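Because the structure is predicted, anything quoted here is derived from the model rather than measured. All chains are named by letter (A, B, ...) in the order of the sequence lines, taking the proteins before the strands, and each is independently numbered beginning at 1.
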Protein chains: 2
Amino acid sequence: MDEDLNRTVSAFRMLVTTLNRAKTHERLTEAAGVRLDRPDVQILVYLLDSGEPRRIGLIATGLQVESPHVTRHVATLEQRGLVERVRDPDDGRAWRIALTEEGAEVASRCRKVTTDWFQGAIAEWSEADRAELSRLMGKLSDDLSSHLKDVITLR
Amino acid sequence: MDEDLNRTVSAFRMLVTTLNRAKTHERLTEAAGVRLDRPDVQILVYLLDSGEPRRIGLIATGLQVESPHVTRHVATLEQRGLVERVRDPDDGRAWRIALTEEGAEVASRCRKVTTDWFQGAIAEWSEADRAELSRLMGKLSDDLSSHLKDVITLR
DNA sequence: TATTGTTATACTCTATAACTATA
DNA sequence: TATAGTTATAGAGTATAACAATA
């Protein structure tokens, strides 16, 4: 039981490690045919997943970083024509960050590289196992995030 | 199918993000009652998981970082009495890094905080789901690492 | 001479603090 | 004056390059 848990967590730890290495990112951008640093890609994919323009603050919250970090990277993405600022209809002082057409395309390519990695890794799995993985992963993500939020907030 | 995959990956992405934030680490060390930076903890837990002393190079490979990084952090861990160097019996020029008694204790506390987080998150899950998670997670970790290794090597 | 590890250095990522601007 | 965002700065984390030491 406890052994099971230890194995689960250490498997997880290894995956997290791998996915955070510079080499992995390098490989991703190479495969996607773009030259962007990690935070840039994270922001693009976040916007793509969102499906609509988002404010700086919301992007920061979503990616769990501080806003100056987002400000800086959005500025470079804007210069490269991958995102643009549009007025927030609800709040005149605020802007929303929108993917440009090219930005959306780049974001899809980056996202696809990652999903392809997963797909390649589980290609040999049974249909049932793949479905189970999807289900449990979603559940784990929800439960772990909300659990951590509680743990971190309750101080 | 493709939708499933996208959800799996984006759930994953979120978890990776959360687990890599400074605040999460801060929370971990606070709960474990230690004052160590992230690489220090990674090295300690790696050694604990290994169950035996390891050489610098192997630690670097395992954590997927370059050896100078390990050298530096091992030096501080050594100063703090959490690890010690022992001669490699197989190769006189090499040393192995061993956990001291205190180091092993600190490492266990850190590892336990993480596993407790997981445990708390999945506490309400059915026995069957927990077992499935463990099984699929191990499988995914193996398959994804080896798949990535292939992808990254084949260049 | 090949391998392992170390020292020195620099770059990337991210946080904190102080400031600006608009509702 | 409260909120959203920006500018400025600093610190953590990690990589690369050059070197040292031992089989």
Side-chain angles (χ1 to χ4, degrees), chain A residues 16-29 35-46 53-79 83-98 152, chain B residues 16-29 35-46 53-79 83-98 152:
Chain A
V16 169
T17 297
T18 302
L19 292 175
N20 269 301
R21 287 318 164 200
K23 254 161 203 144
T24 306
H25 174 73
E26 206 175 280
R27 209 61 191 129
L28 186 158
T29 49
R35 220 171 145 56
L36 292 169
D37 58 25
R38 226 169 320 169
D40 288 342
V41 172
Q42 285 183 159
I43 291 170
L44 289 180
V45 172
Y46 174 81
R54 288 283 159 98
R55 292 161 65 159
I56 294 275
L58 197 53
I59 298 174
T61 306
L63 297 179
Q64 303 176 58
V65 294
E66 302 301 320
S67 48
H69 184 57
V70 177
T71 295
R72 163 131 31 106
H73 286 277
V74 162
T76 74
L77 288 169
E78 196 181 5
Q79 279 177 358
V83 303
E84 62 194 359
R85 283 160 192 270
V86 297
R87 273 279 172 215
D88 187 325
D90 301 336
D91 185 346
R93 73 194 147 164
W95 298 86
R96 292 189 177 174
I97 311 304
I152 290 174
Chain B
V16 169
T17 298
T18 302
L19 293 174
N20 268 300
R21 289 316 162 202
K23 255 161 202 142
T24 305
H25 174 74
E26 205 176 281
R27 208 59 190 130
L28 186 157
T29 49
R35 219 171 144 56
L36 292 169
D37 58 25
R38 226 170 319 170
D40 288 342
V41 172
Q42 287 183 156
I43 291 170
L44 289 180
V45 172
Y46 174 81
R54 287 283 157 97
R55 292 161 66 158
I56 294 275
L58 197 52
I59 298 174
T61 306
L63 297 178
Q64 303 175 60
V65 294
E66 302 301 321
S67 49
H69 184 57
V70 177
T71 295
R72 164 131 31 106
H73 286 277
V74 162
T76 74
L77 288 169
E78 197 181 4
Q79 278 178 1
V83 303
E84 62 194 358
R85 284 161 191 268
V86 295
R87 274 278 173 215
D88 186 327
D90 301 338
D91 185 344
R93 73 192 148 167
W95 298 87
R96 293 190 176 172
I97 312 303
I152 290 173

Nearest non-hydrogen partners of A/Thr76 and A/Asp40, listed with the distance: OG1-OD1, 3.6 Å

Under-4.0 Å side-chain N/O to phosphate OP1/OP2 contact, B/Arg38 with D/dA12: no

Cation-pi, B/Trp95 ring and B/Arg55 (6.0 angstrom, 45 degrees): no

Salt bridge present between B/Lys23 and A/Glu66 (N-O < 4.0 angstrom): yes

Nearest-nucleotide 5' precedence on DNA chain D, A/Arg21 against A/Gly57: A/Gly57

Interatomic distance, B/Ile56 CD1 vs D/dT22 P [rounded to whole Å]: 16 Å

Whole angstrom value for the distance that separates C1' of D/dT6 from NE2 of A/His73: 14 Å

Base of C/dT3 paired with side chain of B/Arg55 (donor-acceptor, under 3.5 Å): no

Touch class at under 4.0 angstrom, heavy-atom based, for B/Pro39 against every strand present: sugar-phosphate

Main-chain N/O of A/Leu36 paired with A/His25 side-chain donor or acceptor, under 3.5 Å: yes

Sugar-phosphate, base or nothing in reach of A/Arg85, heavy atoms under 4.0 Å: sugar-phosphate

Touch class at under 4.0 angstrom, heavy-atom based, for B/Arg72 against every strand present: base

